[in-house]
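Heads up, the thing below is written out as structure tokens.
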Amino acid sequence: MGKLWRKLTLLFGRGRFRSELDEEMSFHRAQMEAELVADGVSRDEARYAAKRRFGNATRLQEQSHEAVGFRFETVVQDLRFALRQLRHSPGFAITAVLILALGMGVSVAIFGFVDAALLEPMPYSSPNRLLDVAENAAAFPRSDLSRADYDDWKRQNTTLSALDVYAGTGFLLRLGSTIEPVPAARVSDGFFSTLGVKPMLGRGFLPGEDQPGKPKIAILSYGTWLARFSGRRDVIGQSVSMNGESYTIVGVLPRSFEFAPRRDSEIWVPLLDKNGCEQRRSCHNLYGIGRLRDGVGIDAARADLKRIAKQLEAQYPGSNRGQGAAVQPLSELIVGDVRPILLTLLSGAALLFLIACVNVASLLLVRSESRRREIAVRGALGATPARLIRQFVTEGILLAAAGCAAGLAIGEWLMRLLSHLLPKVMLIRLPFLGDVSMNAHVMLFAVAIVLFASALLAFTPVIRLSGVDIQEALGEGGRTSAGRFWQRLGANLVVVEIAIAVVLLAGAGLLGKSLYKLLHVESGFDTTHLATLNVMAPDANYSTNVKLIALYREINRRLMALPGVQSVGLTNALPLQCNCDTDWIRIEGKPFHGEHNEVNEREVSPDYFATLKAKLVRGRVFTEQDDLSHPQVIVINQALAKKYFPGEDPIGKRIGNGDLAPDTMRQIVGVIRDVREGGLDQDVWPSEYEAIYRTTDNGFSIAVRTTTDEKAMIPSIVNTLHGIDPNMGVYGELTMQQQIDSTEAALLHRLAAWLVGGFAFMALVLGVVGLYGVVAYSVSRRTREIGVRMALGAQRSAVYSLVLRQAGWLTVTGLVFGVACSIGASELMRKLLFGVEAWDMPTLAAVVFVLGCASMAASFLPARRAASVNPTDALRAE
Amino acid sequence: MAGKPDLLPGTLDMLILKTLTRAAMHGYGIALSIKRLSDDVLTVEEGSLYPALQRLLVQGWVKGEWKTTETGRRARYYTLTAAGRKQLHLELSQFEQMITAIGRVLRDPQEA
């Protein structure tokens, strides 16, 4: 202990240690001098002799210090020296740190998102025991449960400790004098306890409270409680009016609660009474969440539910034919779609980071080359190879650390920027992306990549350095063997950079092309000048078909009166949303074995097709007379005609439900060209269109075709609707173009394309700069050789080709490797591609062309410099 | 310094410690004393003396004190500490063992 203490006092009293030692030594010299003088040597000579005998005082001091000091003191020295070195070449230092910071920042930011989406557990208790439970059918790999099936599944299963369901809904919430539509969810009684979520205020739903006839109660989401109920704690027990009915608030969810499949839900209510759909076993409107019993695996649960589904199929062949069970981890449902995108982005970021590191490493190589003399001098002055290597390692680590510190800052900034840039629609679906932050995982990741960068940067020059022969370096400037060695290493690094740039560029190209294809997919209607919105009419005022028809007509009349409105169409679901709200049809007079012929079912107004500018192929569209008092007629799309009436004229044919009950029979009166009802990346399904004048559904959507800017029209449309009935809820006002841009497929593709595009651009710049560096350096090393060649009569063109050939080889090698790798890489991100093959030739050709041109430009500059070398100058310079 | 035998490795510390048993001395004095006592055979080089002294200081085997010499200059006088004395005994016995061992090896085989 005493030893450590003495060492520490020495460390902190370094100045004193030094001056004392100095004094001691000069005393020693003086004594020696005195002794020599006494022996009869002259004073001056005595001083010299003493000095000579004493040797290098500084070195002696250092040795004394080493004997007593700490090892890390020399590290501090190395660090100081490294700092001084970097200060001497600020251009190099800043470039290197910036490149590293960029690579690191991007990686850290993307990792933050990956962490938030894929690694951070869902905010439930033991989330990995939670399942997404659904039915499936031929057309739907994952379809909703029917309430009757749910009851049976819940009762009969032996593998789940809990099975609960949820369904989206909406309410017209009256608060004071205002009425607003709010998204909501209906859930079974155990929904929150199955997730393991406890309300922060009040209570959850009690067992049995979801049964028909039970009192109407509601639980608020935290945000709604704050925003609409000003966070008052006395809301518990209060009643609110929703859809004209009184609900009692029993609880408020905690702030941390989120349930991505129904994230926008503001109010949660128990299932209660069975709605029209829920009274039929064939109508599916619920999704399930299950919790695995202890010791039960997901496969067992799936087999269990499939068994029950089979039984139900036998028991209820009409409704349950072909209805199986689909079970997956709940996390799969929530992040399954974004996982490939995030992993692609992470790989892109990793590649970018790699290219950044390689770039800086080759910069370091260039520097180590130009510092050969310095190294040789230090070596000659007695620095051991170990100490020299340590110096380079220190410099490498210092660079890596500086770059990474800056990178962390950039990363944090990027995270915040990206979470702001993320479209709101996306955040609703993927709420966890909203709270990306520098947490422990991200820091750990950052540390890991700092270590990687440090190792790479520290050891590249060391590999190079081990080839230095001090004498050779001192004697001749050493541009022979070691120079070639460096060229080889540096060149290999450039090939890596170019190959990575190809991969990123090709990825960006493919994703960009996918996005373009997606946004320009044939929609079957004119998407411009189309304003859309959704309406929820209060139940109380519009409970009958007659009242609804009056409302439809009034809306049509009032909106048509607005200047700039060309036509108005009503529907129960706008196009480009989803292949959903389906119906099982049976064609009269065709063989039928109870199969479920799944088709989209839409209800539309007479002017709907004209408003969309959907093309009528045959027959007619609906008229004002197509209401309940007339026989039911339908319009079908070409896909339906092709599938169910191949080679026939469908006009006049009749279709009905599975049992062909007379009240379900409807005659086909028209065929329209396919309008894409589902998402941009989904197939066009057979669709049937029914007359909206036969409906009793008080929620519907309006499409307005305008002659002027549709976006500017939206406020006056909303005002007009409120003018018709102030209690009418209006929500989701968007232009069709906005709808398209904000569809999930478009959002995800756009995100991927832009980010990978950004990475690719940076990679292109770094790769080309790297190539420039290598070629320029090689030219500067070969100045004399070029001078000799020119003196011996080489033409300028020969010098050009000398340099360009070298650059060309590097580029071509890099490109070939890159193309091979990028075909492999694109194969991996196939899930993200739409309408493009992984080996899309035009994209690859374009990438090769761009990179080739950029590389040639980068090597042309040094080539020109080489060609303009003045032979005499070049020869004399050495 | 060619021609003169090098100090046996590891013996410098011991010599310094032994020298200091006689009196407190400064660095120059230690070097001089070793030189004289060995009849000019052993020369302590300054290059090893001062690092060695620092090492001994840190180990706590000697203590340094600044005093004025007879010529009026300031010099650091080193004195042996109790721990230093112990260390010296240890090193001496180790050294003797070593010498005996070497002597046995070097003895002519016939005598054995």
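When reading the values below, keep in mind they use all heavy atoms of this one structure, side chains included, and skip hydrogens, waters and symmetry mates. Naming: A, B, ... by sequence-line order, numbering from 1 per chain.
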Problem set entry | Closest-packed option against chain A by number of heavy-atom pairs under 4.5 Å, given B:Gly64, B:Gly29, B:Ala31, B:Ala75 | B:Ala75
Problem set entry | The single option from A:Glu35, A:Glu24, A:Arg29 passing side-chain contact (heavy atoms from CB on, under 4.5 Å) against B:Tyr28 | A:Glu35
Problem set entry | A:Gln31 and B:Leu32: CA distance, side-chain angles, deciding distance, side-chain contact (heavy atoms from CB on, under 4.5 Å) verdict | CA-CA 10 Å; A:Gln31 291 290 323; B:Leu32 206 63; over 6 Å; no
Exercise. NE2 of A:His28 to CZ of B:Arg76: how many Å apart, nearest 0.5 Å?
Worked result: 14.0 Å
Exercise. For atom CZ of B:Arg36, is the number of surrounding heavy atoms from other residues, nucleotides or ligands below 6.0 Å larger than 12?
Worked result: no
Exercise. What are the two closest heavy atoms between B:Arg74 and A:Phe27, and how far apart are they?
Worked result: O-CD1, 4.0 Å
